[in-house]
Every structure is written in structure tokens, then in C-alpha cells.
Amino acid sequence: LTDQGVEQAPLDLLGPLWSGRYRLLWYPPEGFSQPLRLGDNSPAVAQIALQFATLDGQPRPLTRGPFTSALETRVRLFQRRHGLKADGVVGVQTLLQLNQLTGVDLTVQAARQILEAQALAQKQQ
């Protein structure tokens, strides 16, 4: 983000300036501290099941309690469809993809639109 708005820069220009540090901005579900698998029981399991229900247009989640075999199967199908390791375990990569598809986390395009809108608003002030 510059004074002129959002600009793209070639990686060879940015490379020497990068410290090697980065931040991943995402929203893990409440209670998520490690990958979730069959038998786990936490608020994070219920939230993930609710996200899948939303994604699938279902009125009820597959579970409101422990991580069931039905949820594990749904996770595997999701992982296969999105090129992830289809192990039925909900880790960070699965959550990132699920969050993006359900609108919990911003897509790159949405983040860019927000930055551009902010830059435009600043110019108009």
C-alpha cells in the first residue's frame, strides 16, 4: 500500500528488503489449539461442523458434540476436493481453506479490495 494506492512490485525488488518474517492472519475456531480428529470434543469441533453445514447448505451440522465418523468422512471429501492431504484430520491447512470458502477469512482479492478502498478514502480526505 503506497500513497498512490495498492501497487504490485516484482519479487526481485522485494526480496532484498524482506526480513524473512511473516504473519498469517486467520481466525481459528474457539478452542482450536491442535489438529482435530475422530473422537475429539471441543467447541472447535462444533464450529467446524457448523461451517461444513453452511458450506453444504444443510440446516443442521453433522455434530454438535464430539468429532464423529460422519464429520471425518466429510473432512476427507473436502480435503480431496481441495488438493489437501485427505487424512480426515482438521489441521491448519484444512481450516484455512474452509475459512476462506465460508467467508471467515478474507481471500486475497477481498483483502486487496479493502486496501484499495482505504487508499481511495485517504486520497479523498
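In this text, all values refer to a predicted model and were calculated from it rather than measured experimentally. We count residues from 1, following the sequence as given.
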Point-to-point distance, once rounded to the nearest 0.5 Å, from CD of E72 to CG of D87: 8.5 Å
Could you state the interatomic distance from CD (Q47) to OG1 (T54), rounded to the nearest 0.5 Å? 8.0 Å
With the 4.5 Å side-chain cut-off for hydrophobic clustering, are L71 and L55 part of the same group? yes
Any side-chain heavy atom of F52 within less than 4.5 Å of one from L62? no
Would a distance-only check, ignoring hydrogens and angles, find a side-chain to backbone donor-acceptor pair under 3.5 Å from Q79 to G88? yes
For the atom pair OG1 (T63) and CG (L50), what is the distance rounded to the nearest 0.5 Å? 11.5 Å
For A46, is there any backbone N or O sitting under 3.5 Å from a side-chain donor or acceptor partner on R64? no
Are the side chain of D40 and the backbone N or O of V45 linked by a donor-acceptor pair below 3.5 Å? no
For the CG atom on L11, are there more than 12 heavy atoms of other groups (residues, nucleotides or ligands in this structure) within a distance under 6.0 Å? no
Please round to the nearest 0.5 Å and tell me the distance separating atom CD of Q51 and atom CG of D56. 11.5 Å
Answer yes or no: is there a side-chain heavy-atom contact under 4.5 Å between T94 and H82? no
L36 side, atom CG; I48 side, atom CD1 - distance, nearest 0.5 Å: 4.5 Å
According to a 4.5 Å side-chain heavy-atom criterion applied to Ile, Leu, Val, Met, Phe, Trp and Tyr, with indirect links allowed, do V92 and V90 form part of one hydrophobic cluster? yes
Heavy atoms only: give me the nearest A44-F32 pair and the separation to one decimal. CB-N, 3.9 Å
Quick check for you: to the nearest 0.5 Å, what is the distance between R80 atom CZ and K85 atom NZ? 13.0 Å
